[in-house]
Amino acid sequence: MSESLTCDVVVVGAGMTGAACAWYAARAGLDVIVVDRGPVAGGTTGAGEGNLLVSDKAPGPELELALLSLSLWAELAEELGKEIEYDPKGGLVVAETPAVLDGLERFAAGQRAAGVRADPVPADRLAGLEPRLAPGLAGGVHYPQDAQVMPALAAAHLLHASGARLLTGHEVTRVLRARDGTVYGVRTPRGELHAPHVINAAGTWGGELSARAGVSLPVLPRRGFVLVTEPLPPRIRHKVYAADYVADVASDSAALQTSPVVEGTAAGPVLIGASRERVGFDRTLSLPAVRALAAGATRLFPFLADVRALRTYAGFRPYLPDHLPAIGPDPRAPGLLHACGHEGAGIGLATGTGHLIARAIVGDLPDLTPFRPDRFPDNPQEARR
Ligand SMILES: Cc1cc2nc3c(=O)[nH]c(=O)nc-3n(C[C@H](O)[C@H](O)[C@H](O)COP(=O)(O)OP(=O)(O)OC[C@H]3O[C@@H](n4cnc5c(N)ncnc54)[C@H](O)[C@@H]3O)c2cc1C
């Protein structure tokens, strides 16, 4: 690219969120260019798991977005299901003690009132759902709406199917603004892309991109490790996790937290998560984190003690201080829309996000108040408190 290109919408970021934004914007009849400094799914999308969950969300705006997203994922699966390894397998949350089960059942009752299907599972019925679970668990809750995709495949296929033009290896160094502050495109070292709408789908780097538009957004990295086993025949039917995972997700602590999350994949390996800690963009392998993951998983599924782990990888969840993403137009920079900061739920929430962003662009303004990008103080230090 040497001269400038023109389109209706520039999407910055070719991860899961950017792909979904491109898909829904293209379906709304808009001419879309997606630009990424790396390859497709080279950011957090290529370093996470692909759970599409309502089970871990408390009633509120994130759960509403998850319910919308899950129904859109099911629609997408009709077109792309096989390619993206969509599996509506359901989730099973288990409690190790009666006290934890009490809390889990109260949480599930609130979710049911908000439209989630959450079916209590007494201890003696757990083995019927997951025959290889450890004995002695107090009980659980089954969430039939939870599903799974393979994130990198989902992003790549959705981008391709959207028909958007894709520019990889082009870093956006500046978001272009006219004298009156209106956004009119982006600059890369290889030329300019002109459009009346620019979408910030830069994930964990969404704060950096915002700064390149002259506005602030306090996105921080929240590191997570995943442990990957050797390929196995299907032995784990659902996404299975311990009830304390929900508290870890909602925690504001920067310290290491781990709670077992276990799932099989179409290709055979079992994925074991989930750790959370705020240590900047440090990729150093953390043995305490990985050991805690292995110990937690074998507590839930004792057979895993005899299975080899092949590798581990880390990614950086895009974390905003109130655990909600930034979605929608930025009143501080007309023409700029944000679609980032989805933390550990960006695969699941991508479809709803892309859908809402496309509606906002065509003027069918949804209520995006809880996700307003300008809801944080301009001083990032204050936002982090
Ligand atoms: C261990 C782990 C497990 C996870 N498990 C799940 C899960 O089970 N379910 C779930 O829903 N979520 C999960 N997540 C979270 C999920 O992976 C993220 O929320 C999601 O991938 C974010 O996608 P994104 O498209 O917004 O960002 P990214 O995938 O990071 O994409 C952003 C893109 O923007 C590009 N970019 C940045 N700056 C620029 C620039 N200046 N110019 C051009 N390009 C730029 C980057 O190169 C990158 O490709 C997990 C995350 C981790 C770390």
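Whatever order the structure lists ligands and atoms in, that order sets their numbers, starting from 1.
- At least one N/O-N/O distance between Ala345 and ligand 1 falls below 3.5 Å.
- Annotation for Arg132: atom CZ counts as buried by contact number, over 12 foreign heavy atoms lying within 6.0 Å.
- For the salt bridge (Lys or Arg N to Asp or Glu O under 4.0 Å) test, no residue two or more places apart in sequence or in another chain qualifies with Arg317.
- Looking only at heavy atoms of the protein, atom 51 (C) of ligand 1 is closest to Arg317 CG, 3.6 Å.
- The nearest pair of heavy atoms linking Leu166 to Leu159 is CD1-CD1, 4.2 Å.
- Looking only at protein heavy atoms, the nearest one to atom 24 (P) of ligand 1 is Thr17 OG1, 3.3 Å.
- Using a 4.0 Å heavy-atom cutoff, Ala47 is listed among the residues neighbouring ligand 1.
- Counting heavy atoms of neighbouring residues, nucleotides and ligands inside a 6.0 Å radius, atom CZ of Arg291 does not exceed 12 of them.
- Residue contact check: Gly15 has heavy atoms under 4.0 Å from atoms 25 (O), 29 (O), 31 (O) of ligand 1.
- When non-hydrogen atoms are compared, ligand 1 lies under 4.0 Å from the side chain of Val12 (C-beta onward) but not from its backbone.
- Nearest non-hydrogen protein atom to atom 50 (C) of ligand 1 is Gly48 CA, 3.9 Å.
- In plain terms, the two heavy atoms of Ala202 and Cys340 that are nearest each other are N-CB, 4.5 Å.
- Scanning all protein heavy atoms for the shortest distance to atom 23 (O) of ligand 1 gives Thr45 OG1, 3.3 Å.
- In this structure, Arg222 falls outside the shell of residues with a heavy atom less than 4.0 angstrom from ligand 1.
- The aromatic rings of Phe281 and Trp205 sit parallel to each other, their planes meeting at less than 30°, with 60° as the upper class boundary.
- Protein heavy atom at the shortest distance from atom 7 (C) of ligand 1 is Glu49 O, 3.2 Å.
- Judged by the shortest distance from any of its heavy atoms, Cys340 lies outside the 4.0 Å radius around the atoms of ligand 1.
- Remark: among candidates His170, Glu263, Glu343, the nearest residue to atom 18 (C) of ligand 1 is Glu343, based on non-hydrogen atoms.
- Counting only heavy atoms of the protein, atom 9 (N) of ligand 1 lies nearest to Asn51 O, 2.8 Å.
- The residue among Leu167, Val11, Val172 with a heavy atom at the shortest distance from atom 40 (C) of ligand 1 is Val172.
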TODO: Apply side-chain contact (heavy atoms from CB on, under 4.5 Å) to the pair Asp330 and His338, showing each step before the final yes or no.
DONE: CA-CA 7 Å; Asp330 193 326; His338 298 272; 2.8 Å; yes
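- Annotation: Gly348 places an N or O atom under 3.5 Å from an N or O atom of ligand 1; distance criterion only.
- Nearest heavy atoms, Ala77 versus Tyr86: CB-CD2, 3.3 Å.
- At least one side-chain heavy atom of Gln257 sits under 4.5 Å from a side-chain heavy atom of Arg222.
- Heavy-atom proximity to Gly203, at under 4.0 Å, picks out these atoms of ligand 1: 26 (O), 27 (O), 32 (C).
- If you number the atoms of ligand 1 from 1 as listed, the ones under 4.0 Å from a heavy atom of Trp205 come out as 30 (O), 37 (C), 38 (N).
- For atom 46 (C) of ligand 1, the candidate residues are Asp36, Asp56, Val149; the nearest heavy-atom contact is made by Asp36.
- The single protein non-hydrogen atom nearest to atom 1 (C) of ligand 1 is Val226 CG2, 3.4 Å, given as residue, atom name and distance.
- Counting the atoms of ligand 1 from 1 in the order shown, those under 4.0 Å from a heavy atom of Arg212 are 41 (N).
- With hydrogens left out, the protein atom closest to atom 28 (P) of ligand 1 is Thr44 N, 3.6 Å, a heavy atom.
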Validation: residues 30-47 side-chain donor-acceptor distances under 3.5 Å, sequence neighbours left out:
residue : atom : partner : partner atom : Å
Asp31   : OD1  : Arg165  : NH2          : 3.4
Asp31   : OD2  : Arg165  : NH2          : 3.0
Asp36   : OD1  : Gly38   : N            : 2.7
Asp36   : OD2  : Ala14   : N            : 2.6
Arg37   : NH1  : Glu171  : OE2          : 3.3
Arg37   : NH1  : Glu208  : OE1          : 3.1
Thr44   : OG1  : Thr204  : OG1          : 3.4
Thr44   : OG1  : Phe316  : O            : 2.7
Thr45   : OG1  : Met16   : N            : 2.9

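- Between Thr204 and ligand 1, not a single N/O pair is under 3.5 Å apart.
- By the 3.5 Å distance cut-off applied to N or O atoms, Glu208 is not counted among the residues near ligand 1.
- Residue contacts with ligand 1: Gly13 is placed with no nitrogen or oxygen under 3.5 Å of a nitrogen or oxygen of the ligand (distance criterion only).
- Proximity of Gln148 to ligand 1 is not established, as no heavy-atom distance is less than 4.0 Å.
- Pro334 approaches Arg332 most closely through the heavy-atom pair CD-C, 3.9 Å.
- The shortest N/O to N/O separation between Arg37 and ligand 1 falls below 3.5 Å.
- By the 3.5 Å distance cut-off applied to N or O atoms, Leu349 is not counted among the residues near ligand 1.
- Residue Ile347 has at least one N or O atom closer than 3.5 Å to an N or O atom of ligand 1.
- Checking only distances, Gly42 never comes within under 3.5 Å of ligand 1, N or O to N or O.
- Less than 4.0 angstrom separates some heavy atom of Gly315 from each of these atoms of ligand 1: 53 (C).
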